[in-house]
Amino acid sequence: MRLDRLSLLQLPTPLHRLERASADLGIDLWIKRDDLTGFALGGNKGRKLEFLMADAISKKATVVVTCGSTQSNFVRQLGAACAVLGIRCVAAVMDTPYEHGIPSGPRLVGENGNVVLDEILGVELHRFPDGTWDSLFALTEELERECEGKCETVYRIPVGGSSGVGAAGFFYAAMELQAQGVDFDQIVVASSSGSTQSGLLLGMMRANTRVIGIACDDEPEIAADYAVVARELAALVGLDRKLDVDDFDVRFDWVGGGYGIVSQASTDAIRYLARTEGVFLDPIYTGKAFAAVIDLARAGLLPGRTLFWHTGGSPALFAPIVG
Ligand SMILES: *Cc1c(COP(=O)(O)O)cnc(C)c1O
């Protein structure tokens with residue numbers, strides 16, 4: 001199978017030490033700035049899109065259809081990629097889709113933040129009342145069929161761009177990091193749909209760097225999905241590694257009230273990193289992941305050199321929070 005790549009980002013993203021946070025937390029802490037990809041206000045989805053959109057182009061897609069939350073960082077970056085390539089971008093969204101029961105707690109409203117950027121980019125957002133992820137997937141399929149009915153060539157992209165092809169972005173991100181010449185004992189990264197962690201895990205294996213995913217979804221069974229993505233990726237890049245659920249280090253202690261629910265620890269971590277380093281995080285992903293860095297550092301569980309992989313998301317800071 002061949003793996004094409006488009007150039008959308010300004011790479012490599014910066015890598016630097018967090019001097020004040022390192023001193024305060026008593027660890028050797030660095031940051032990989034994927035909030036600064038130079039593409040559509042940054043974020044980890046751009047790396048996946050370099051591969052996904054190359055695939056869409058090779059399949060002669062005229063429209064890309066995906067789904068997610070209304071404040072999705074993925075939909076924003078996808079919208080920009082589609083704009084660059086002259087392809088329609090259709091997204092089915094709910095403010096706070098959920099897996100099991102309706103979660104409670106403060107959450108982002110589907111106004112301002114990424115929604116403003118989506119409108120500017122010309123994304124066709126189809127907004128639905130909150131429901132389960134399965135109901136959102138069904139609504140997305142309806143939109144796909146509608147587009148096909150109009151003789152469009154649809155390229156379907158799973159939530160968060162998490163397929164083997166999308167994960168290739170982070171396999172090569174791991175190569176990019178290793179070429180920057182600093183070795184790490186562990187990487188801490190926010191994890192949700194899983195192709196970021198899958199790509200990094202496979203890409204960092206030879207370097208012997210642990211990859212610790214901080215879950216932003218309250219679903220312990222997601223690690224099984226990550227393993228599927230990792231196997232697809234291994235086949236694409238010609239690696240004979242069969243990753244299993246047990247190969248994934250995913251921590252659920254910082255997920256708070258669930259996907260899309262803002263936690264106090266996340267809010268505190270956002271303030272902490274802004275006030276020590278002037279770096280902005282986001283309430284749904286990186287705030288939770290950095291809260292984990294703070295707790296793990298203070299518990300003495302981050303020996304040697306640690307990399308916090310910043311996956312972006314700060315436009316969501318401008319979305320109102322309710323509840
Ligand atoms: C999507 C996203 C993540 C999670 O990445 P996955 O590859 O879906 O696990 C983390 N941080 C931010 C800011 C994101 O938008």
Carboxylate-amine/guanidinium proximity below 4.0 Å for R305 and D185: no
Short question: side chain of R231, backbone of L243 - any donor-acceptor pair under 3.5 Å? yes
Donor-acceptor pair between N44 and T196 side chains, under 3.5 angstrom: yes
To the nearest 0.5 Å, tell me how far M204 CE sits from F171 CZ. 11.0 Å
Nearest 0.5 angstrom please: Y172 OH to R5 CZ, how far? 8.0 Å
Which residues share a side chain to side chain contact (heavy atoms under 4.5 Å, CB included) with V154, sequence neighbours left out: V63, V65, E144, C147, E148
Output all residues satisfying salt bridge (charged side-chain N to carboxylate O under 4.0 Å, His left out) with E146, sequence neighbours left out; order by chain, then residue number. none
Is a donor on one side and an acceptor on the other found under 3.5 Å between the side chain of S191 and the backbone of G194? no
Using side chain to side chain donor-acceptor pair (under 3.5 Å) as the criterion, list what pairs up with E124, not counting sequence neighbours. R88
Residues which pass side chain to side chain donor-acceptor pair (under 3.5 Å) with Y155, listed by chain and number, not counting sequence neighbours: D55
Stepwise side chain to side chain contact (heavy atoms under 4.5 Å, CB included) test for L307 and V182: CA-CA 10 Å; L307 178 67; V182 186; over 6 Å; no
Sub-4.5 Å side-chain heavy-atom contact between C67 and V93: no
Once side chain to side chain contact (heavy atoms under 4.5 Å, CB included) is applied, do any residues pair with N73, and if so which ones, sequence neighbours excluded? R76, Q77, N114, Y285
Look at the rings of H126 and F128 and say which category their plane angle falls in: under 30° parallel, 30 to 60° tilted, over 60° perpendicular. parallel
Exercise answer: donor-acceptor pairs, residues 217-224 side-chain atoms, under 3.5 Å, sequence neighbours excluded:
{"from": "D217", "atom 1": "OD1", "to": "S192", "atom 2": "OG", "distance (Å)": "2.8"}

Any side-chain heavy atom of M53 within less than 4.5 Å of one from I87? yes
Would one find more than 12 heavy atoms of other residues, nucleotides or ligands at under 6.0 Å from atom CZ of R275? no
Kindly indicate, with the supporting measurements, whether the criterion side-chain hydrogen bond (donor to acceptor under 3.5 Å, both in side chains) is fulfilled by S314 and D282. CA-CA 5 Å; S314 53; D282 84 283; over 6 Å; no
Among residues two or more places apart or on two chains, list those pairs meeting ring pair (Phe, Tyr, Trp, His ring centres under 6.0 Å) that have a residue in residues 215-240. Y226-F248
Below 4.5 Å, heavy atoms only, C-beta onward: do V211 and Q186 meet side chain to side chain? no
Distance col, row T70:OG1 vs R107:CZ, nearest 0.5 angstrom, shows 11.5 Å
Contact between P106 and V322 at the side-chain level, heavy atoms closer than 4.5 Å - yes or no? no
Joining Ile, Leu, Val, Met, Phe, Trp and Tyr whenever any side-chain heavy atoms lie under 4.5 Å apart, the cluster holding Y272 also takes in L18, L25, I27, L29, I31, V188, I212, I214, W254, I270, L273, V279, F280, L281, F290, V293, I294, L296, L301, L302, F308, L317
How would you list, by chain and number, every residue that makes a salt bridge (charged side-chain N to carboxylate O under 4.0 Å, His left out) with D118, sequence neighbours excluded? none
Is there any salt bridge (charged side-chain N to carboxylate O under 4.0 Å, His left out) pair reaching into residues 165-183, and which pairs are they, with sequence neighbours excluded? K32-E176, R47-E176
Take atom CZ in R271; do more than 12 heavy atoms of anything else shown fall under 6.0 Å from it? no
Just wondering, do S69 and P97 contact through their side chains at under 4.5 Å, heavy atoms? yes
CG-CG distance between L6 and D4, expressed to the nearest 0.5 angstrom: 8.0 Å
With a sphere of 6.0 Å drawn around CZ of R20, does it hold more than 12 non-hydrogen atoms of other residues, nucleotides or ligands? no
Check the hydrophobic clustering (I, L, V, M, F, W, Y; side-chain heavy atoms under 4.5 Å; chains of links allowed) and say if L41 and F318 are grouped together. no
Heavy atoms of L49 and A81 approach each other most closely as CD1-CB, 4.3 Å
Heavy-atom nearest pair, V75 first then S72, reads N-OG, 2.9 Å
Below 4.0 angstrom, N of the basic side chain to O of the carboxylate: do R251 and D249 qualify? yes
Side chain to side chain contact (heavy atoms under 4.5 Å, CB included) partners for P129, two or more places apart: none
Decide side chain to side chain contact (heavy atoms under 4.5 Å, CB included) for R298 and D24; before the verdict, give the C-alpha distance in whole Å, the side-chain angles of both, and the deciding distance to 0.1 Å. CA-CA 10 Å; R298 293 202 167 128; D24 183 59; 3.5 Å; yes
Contact between V115 and Q71 at the side-chain level, heavy atoms closer than 4.5 Å - yes or no? yes
Would you indicate whether the side-chain heavy atoms of F184 and L177 approach each other to under 4.5 Å? yes
Check whether any side-chain heavy atom of D95 sits under 4.5 Å from a side-chain heavy atom of L108, and report yes or no. no
What's the separation between atom CG in L8 and atom CZ in F39, rounded to the nearest 0.5 Å? 4.5 Å
Are E152 and K150 within salt-bridge range, i.e. N to O under 4.0 Å? no
Go through the steps to decide whether T66 and L78 satisfy the test side chain to side chain contact (heavy atoms under 4.5 Å, CB included), and finish with yes or no. CA-CA 9 Å; T66 195; L78 176 63; 3.4 Å; yes
Distance-minimising heavy-atom pair for G199 and L233: CA-CD2, 3.7 Å
Given the rule in the side chain to side chain contact (heavy atoms under 4.5 Å, CB included) test, do I187 and R210 qualify, once you have shown the distances and angles that lead to the verdict? CA-CA 6 Å; I187 295 172; R210 282 199 299 163; over 6 Å; no
Roughly how far, to the nearest 0.5 Å, is the CD1 atom of I321 from the CD1 atom of I261? 10.5 Å
Decide, yes or no, whether a salt bridge links D247 with R241 under the criterion of side-chain N to carboxylate O below 4.0 Å. no
Given K48 and S195, is the side-chain hydrogen bond (donor to acceptor under 3.5 Å, both in side chains) satisfied, shown in steps? CA-CA 8 Å; K48 309 182 192 186; S195 48; 2.8 Å; yes
Using the test ring-ring contact (aromatic ring centres under 6.0 Å, His included), find all partners of F74 that sit at least two apart in sequence or belong to another chain. none
